[in-house]
Amino acid sequence: MSKPDTPVTKTQATNFIRDIIRADVEAGKLAAEAVVTRFPPEPNGYLHIGHAKSICVNFGLAQQFGGQCNLRFDDTNPSKEEQEYVDAIMDDVRWLGFTWAGEVRYASDYFDQFYAWAQHLIREGRAYVCDLSAEQASEYRGWATSPGKPSPYRERSAEENLDLLERMKHGEFDEGAKVLRAKIDMASPNMNLRDPILYRIRKQSHHHTGDTWCIYPSYDFAHGQEDAIEGVTHSICTLEFADHRPLYDWFLEQLPVPSRPRQYEFGRLNLDYTVTSKRKLKRLVDEGHVDGWDDPRMPTIHGMRRRGFTARAIRNFCDALPVAKSDGVVSVAQFESAVRDDLDRHAPRGMAVLNPLKVIVENFSEDRVESLSAARHPKEDMGERILPFTRELYIDTADFTEDTTLSRKKFKRLVLGDYVRLRGAYVIKANRVEHDVNGSPAVLYAELVENTVGEDPPEGIKPRGVIHWVSATEGRQATIRVYERLFITASPDKGEGDLLDHINPESKRIITNAWIEPALAEANPESSFQFEREGYFVADRFDHCAESPVFNMTIGLRDTFSEKPGGQ
RNA sequence: UGGGGCGUCGCCAAGCGGCAAGGCAACGGGUUUUGAUCCCGUCAUUCGGAGGUUCGAAUCCUCCCGCCCCAGCCA
């Protein structure tokens, strides 16, 4: 994997966790190389942009201190988890450019240890098997403002508890019939401490352990211990787990764990116009509102990849965001800015005509093909590509108008009787236009000005502007998928009404009669280009091939013109 | 009306008692064979509110207001 470029941030984003680790190192609590973090996804869906931030924080911190970061699947709930997600998540982390320490870990690899620790708690009088139903337990738990009351099973003997737990493990009881709970404090103002559940019965096959278990540990009874087993020093999670920290610490204090990790919470990343909830994303997929988890409109890492958002752009974006304790909503414009910034520098240029209008250059002979050469990038040294120029060309319909009243400043494109430069080629003049049955321009007849390739036109000829073009005979027809934001509302999650009410009905448009210059057809799948004057596009990683080119629009060029009054 | 977290420019945010960084967006202007990029400039007399301490407060104290999270045998 190539080394990530240095972030573009001028000042390093603040990160209070980094400061804490640095202080720990300086205080001699641990060596910098001993810093261990982990990224602990539950394999119950595909990773999204919010996870990307967490990945960058965890792997980034480990990198900065020369420590290590583990990838660990928090697979404690077989009813929601699948191997498909495990595979996709590993793929995503690798694609983002990170390498986890050693083998992939699974919480389920530690199930034997967790079971032994549960027995330990029972022996210490710190846990008991409870027969209350879920509804009853909820009642007993009390309300936020009123204390709960003890379960009638709270004082069972250690022997009985041990026996019951063993029988739960052997599948003697139905799902929901019994749970193992910690004996903490039913009056705690922190609901998480009102005798939380340690084990519940789930007679389901697990993607990693098969049918070995029919009881599964809860998140709370697993997470801190997983960290301790792996020697994680700084366990970083999102804000909603702050209330769980006392419980996290409680288990680590009660159990003979091999190390003492500390939990720190930061605000998760939210983007406007974007939904980041596995449940909602899954719904979009399951109900067919998008074409799968890797639909380019999805904020999943798989989707962003297919869209052409580069791993480097995603990393730069995440690294530029502060790690703080507030959870705000970042504007997608900021993300898009990071994408354009990266693609502008790294994407070779090419020309593609999305809405073709035929142009016949009357003073260029029919059978002639002039091989022009054009730089692949205006600033970076990426070499040149061959650009064939012929008598018949395509330009974009938007680059020609029959309205002759527009000033040169307002319309820097082609107008009858005036000149325009064809990018990387000649200056041409439009002479006349033929219309189709609807009265729309069908064919434009033009003439080129000799000796204007790489040269200024003679005195007196002032092109209105520069437009892009493709040879009609040497160019290739291509399919281009144009995407816009999936949601029209800034906060589609929020407020009343259904998520679907906020879907943009025009978020996907497929253009099948686009024309691209020949060099673009040869693009490798998943390579990005700037189609000049249009935007950034990526050759689809699955559907593109030289014989049948398919590009996905990543994002348009920044446009400071068309939105303005008087613009078009 | 319990507990936890947070409130500084439209958005994300620095700041930790000495007189409001930066990024995104926006708006002017310059360069340009991409109306892109790049470059230059403008953009909070004010820090949720009200009191108080101090020569001096966004930073300390008090009270108030607002937003988010917690009552899954989800993570």
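What you see is a predicted model, and the numbers here were worked out from it, not measured in a lab. Every chain is numbered from 1 and lettered A, B, ... according to where its sequence line falls, protein lines coming before strand lines.
The side-chain hydrogen bond (donor to acceptor under 3.5 Å, both in side chains) check on A:Tyr426 picks up A:Glu370, with sequence neighbours excluded. Residues satisfying the ring pair (Phe, Tyr, Trp, His ring centres under 6.0 Å) criterion with A:Tyr128, sequence neighbours excluded, are absent altogether. The ring pair (Phe, Tyr, Trp, His ring centres under 6.0 Å) search around A:His244 returns A:Phe241, not counting sequence neighbours. Scanning for side-chain hydrogen bond (donor to acceptor under 3.5 Å, both in side chains) contacts around A:Arg485 gives an empty result, with sequence neighbours left out.
Nucleic acid contact for A:Arg558: sugar-phosphate only, since backbone atoms but no base atoms lie under 4.0 Å from a heavy atom of the residue. A:Pro147 comes within contact range of no nucleotide atom at all, as no heavy-atom separation falls under 4.0 Å. A:Gly454 comes within 4.0 angstrom of a nucleotide base, judged by non-hydrogen atoms across all strands. Within 4.0 Å of A:Val329, counting heavy atoms only, lie sugar-phosphate atoms of the nucleic acid but no base atom. Counting non-hydrogen atoms under 4.0 angstrom, A:Val453 reaches a base of the nucleic acid. Backbone-only engagement by A:Val330 is indicated by non-hydrogen atom pairs under 4.0 Å involving sugar-phosphate atoms exclusively. Counting non-hydrogen atoms under 4.0 angstrom, A:Gly328 reaches the backbone sugars and phosphates but no base. Looking at heavy-atom distances under 4.0 Å, A:Glu265 makes no contact with the nucleic acid at all. The residue A:Lys325 sits close only to the backbone: its heavy atoms come under 4.0 Å of sugar-phosphate atoms, none of a base. At the heavy-atom level, A:Thr145 lies under 4.0 Å from base atoms of the strands shown.
Of all the residues in residues 239-246 of chain A, A:Glu240, A:Phe241, A:Ala242, A:Asp243, A:His244 reach under 4.0 Å from RNA chain B with at least one non-hydrogen atom. For the segment residues 170-177 of chain A, the set of residues with a heavy atom within less than 4.0 Å of an atom of RNA chain B comprises A:Gly176, in numerical order. Contacts between residues 75-85 of chain A and RNA chain B, defined by a heavy-atom separation below 4.0 Å, involve A:Thr76, A:Asn77, A:Lys80, listed by number. Looking at residues 130-141 of chain A, you'll see A:Leu132, A:Ser133, A:Ala134, A:Ser138, A:Arg141 sit with a heavy atom under 4.0 Å from some atom of RNA chain B.
B:G35 has its base stacked against the ring of A:Phe561, the centroids being under 5.5 angstrom apart at an interplanar angle below 30°.
The nucleotide whose nearest atom lies closest to any side-chain atom of A:Met191 is, among B:C24, B:U33, B:C70, B:C70. Ranking B:A36, B:C74, B:C73 by closeness to the A:Glu42 side chain, first place goes to B:C74. Closest to the side chain of A:Phe411, out of B:A75, B:G35, B:U34, is B:G35. Closest to the side chain of A:Asp74, from the set B:A75, B:U34, B:C73, is B:A75. Here the nucleotide nearest the side chain of A:Ala144, chosen from B:C74, B:G2, B:U33, is B:G2.
Spacing between B:C6 and B:C12 at atom P, rounded to whole Å, works out to 16 Å.
Distance CD1 (A:Ile17) to P (B:G5): 15 Å, rounded to an integer number of Å. Separating the CG atom of A:Asn192 from the P atom of B:G4 is a distance of 13 Å, rounded to the nearest angstrom. Spacing between atom NE2 of A:His468 and atom P of B:A36 amounts to 14 Å, rounded to whole angstrom units.
In this structure, the side chains of A:Ser218 and A:Tyr199 stay at 4.5 Å or more apart for every pair of heavy atoms. A:Tyr115 places a side-chain heavy atom less than 4.5 Å from the side chain of A:Leu165. By the 4.5 Å heavy-atom criterion applied to side chains, A:His223 and A:Pro40 are counted as neighbours.
Residue pairs meeting the side chain to side chain donor-acceptor pair (under 3.5 Å) criterion with at least one partner in residues 327-340 of chain A, sequence neighbours excluded, do not occur; the list is empty. Applying the side chain to side chain donor-acceptor pair (under 3.5 Å) test to residues at least two apart or on different chains, the pairs with a partner in residues 267-277 of chain A are A:Glu240-A:Arg268.
Regarding contacts with the backbone of B:G23, every side-chain N or O of A:Ser337 stays at 4.0 angstrom or more from both OP1 and OP2. For B:G35, one of the phosphate oxygens OP1 or OP2 lies less than 4.0 angstrom from a side-chain nitrogen or oxygen of A:Arg533. A close approach under 4.0 Å does not occur between any side-chain nitrogen or oxygen of A:Ser326 and OP1 or OP2 of B:G7. Distances shown here put a side-chain N or O of A:Arg200 below 4.0 Å from the OP1 or OP2 atom of B:A75. Under 4.0 angstrom from either OP1 or OP2 of B:A36 there lies no side-chain N or O belonging to A:Arg349. Not one side-chain nitrogen or oxygen of A:Ser331 sits closer than 4.0 Å to the OP1 or OP2 atom of B:G10.
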Quick test: give all pairs of protein nitrogen or oxygen and nucleotides 38-44 of chain B nitrogen or oxygen below 3.5 Å, distance rounded to 0.1 Å.
{"residue": "B:C38", "atom": "O4'", "partner": "A:Lys379", "partner atom": "NZ", "Å": "3.2"}

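With respect to A:Glu139 and A:Lys149, no salt bridge is recorded, no charged nitrogen being found less than 4.0 Å from a carboxylate O. Salt bridge annotation for A:Arg345-A:Glu380: absent, with no cationic side-chain nitrogen under 4.0 angstrom from a carboxylate oxygen.
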Query - Stepwise side-chain hydrogen bond (donor to acceptor under 3.5 Å, both in side chains) test for A:Asn70 and A:Glu230 - result: CA-CA 8 Å; A:Asn70 296 344; A:Glu230 295 178 10; 2.9 Å; yes
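Here A:Ile215 contributes atom CD1 and A:Leu180 contributes atom CG; the two are 8.0 Å apart, rounded to the nearest 0.5 Å.
A:Asp227 and A:Tyr248 share a side-chain donor-acceptor pair at under 3.5 Å.
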Give the table of side-chain donor-acceptor pairs shorter than 3.5 Å for residues 169-177 of chain A, with sequence neighbours excluded, one pair per line with atom names and distance.
{"residue": "A:His170", "atom": "NE2", "partner": "A:Glu166", "partner atom": "OE2", "Å": "3.3"}
{"residue": "A:Glu172", "atom": "OE1", "partner": "A:Arg167", "partner atom": "NE", "Å": "2.7"}
{"residue": "A:Glu175", "atom": "OE2", "partner": "A:Lys203", "partner atom": "N", "Å": "2.8"}

